[in-house]
Amino acid sequence: MTTRMPLISVEDLTVTYGDRIGCNGVSFDLFPGEVLGIVGESGSGKSTLLNAVSGQLEPAVGQIHYRTRLNETADIYRMSEPERRFLMRTDWAFVHQNPRDGLRMGVSAGANIGERLMGVGWRHYGEIRSTALSWLGKVEIFEDRVDDPPTTFSGGMQQRLQIARNLVSGPRLVFMDEPTGGLDVSVQARLLDLLRGLVSDLGLSAIIVTHDLAVARLLSHRLMVMQGGEVVESGLTDQVLDDPQHPYTQLLVSSILQV
Ligand SMILES: Nc1ncnc2c1ncn2[C@@H]1O[C@H](COP(=O)(O)OP(=O)(O)OP(=O)(O)O)[C@@H](O)[C@H]1O
Ligand SMILES: [Mg+2]
């Protein structure tokens, strides 16, 4: 049905913080069902780019066009604030590195999930409750924790809850900033498996920021490598990692191989 039109199209995006450049002249397309990884060292502009693309940080220059469910093109910084908020609630999801930034820590796990459903118009308590329970199961949290607040969860559980809260409302596009960042390695691996399964089962499009090339390899179809606010290399993930062209990418890849 959908032709190969980009879901989101980013053109010449530049973000500045005063006279410091956050990211500079970035362009890319993301197609439906595609997972794009953004890698690069600390301070290279990954979060800046993600925040700008996800409508949270207005760029100094550039445009972001998004193809809506109605198959219309919307410029996300030209639409009104309520329109953008509606889009963010219905079509987009943002998984933060720190679950505290993406969860409401004081309310129950069930309410954290249910709130998103109410945000897209669900009203029937029983349905909200049963959907919340089924999503807890999907992210491997025991159903008997449904009434507990995230403050009583481990870091890994909080992150899984954040993922459930974000995906339950059926977004088309998911932004993730270091989704496995604060977790230890064994927990990371399990979470990555889970994420990979959900993204492919739900046919989601996603943009994932990570400094971990193994995470990028596992989750993303395409990669963009950033250095000093600019994209220095991009391409299919395997190609970029197996045959890096830019010296900086070569350095990134070889520093991993030496570990
Ligand atoms: N709020 C801010 N105010 C001023 N400068 C900022 C701000 N946020 C980021 N920067 C600058 O923008 C550049 C890119 O930062 P950004 O946070 O996007 O990097 P990053 O690749 O996400 O790094 P990390 O891997 O450490 O999260 C850096 O030079 C940083 O100092
Ligand atoms: Mg960052």
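Note that ligands are numbered from 1 as they come in the structure, with each ligand's atoms numbered from 1 the same way. Owing to the predicted nature of the structure, the values given are computational and were not obtained by experimental measurement.
By the 30° and 60° cut-offs, the orientation of the rings of Phe94 relative to His96 is tilted.
Protein heavy atom closest to atom 27 (O) of ligand 1, with residue, atom name and distance, is Ser47 OG, 3.9 Å. For atom 1 (N) of ligand 1, the closest non-hydrogen atom of the protein is Tyr17 CE2, 3.8 Å. The protein atom (non-hydrogen) at minimum distance from atom 26 (O) of ligand 1 is Ser42 OG, 2.5 Å.
In this model, no donor atom of one side chain and acceptor atom of the other lie less than 3.5 Å apart for Ser44 and Glu41. Arg172 and Tyr66 are linked by a side-chain donor-acceptor pair at a separation below 3.5 angstrom, with hydrogens and angles left out of the test. Side chains of Glu230 and Asn24: a donor on one and an acceptor on the other come within 3.5 Å.
Of all atoms in ligand 1, numbered sequentially from 1 with element shown, those under 4.0 Å from a heavy atom of Gly22 are 12 (O), 14 (C). Using a 4.0 Å cut-off to heavy atoms of Thr48, the atoms of ligand 1 that qualify are 14 (C), 15 (O), 16 (P), 18 (O).
Among the atoms of Ser44, some N or O lies under 3.5 angstrom from an N or O of ligand 1.
No more than 12 heavy atoms of other residues, nucleotides or ligands shown are found within 6.0 angstrom of CE on Met118. Residue Phe142 places its CZ atom among 12 or fewer non-hydrogen atoms of other residues, nucleotides or ligands, all under 6.0 Å distant.
Using a 4.0 Å cut-off between charged nitrogen and carboxylate oxygen, Asp91 and Arg67 do not count as a salt-bridge pair.
At least one N/O/S atom of Ser47, whether from backbone or side chain, sits less than 2.8 Å from the Mg ion (ligand 2).
Looking at Val174 and Val199, their side chains never come closer than 4.5 Å, going by heavy atoms from C-beta outward.
Scanning Glu178, Met226, Lys46 for the heavy atom closest to atom 25 (O) of ligand 1 points to Lys46.
The closest approach between Arg20 and ligand 1 falls below 4.0 Å for a heavy atom of the residue. Close to ligand 1: Gly43, with a non-hydrogen atom less than 4.0 angstrom away. Taking a 4.0 Å cut-off on heavy atoms, Glu41 registers as neighbouring ligand 1.
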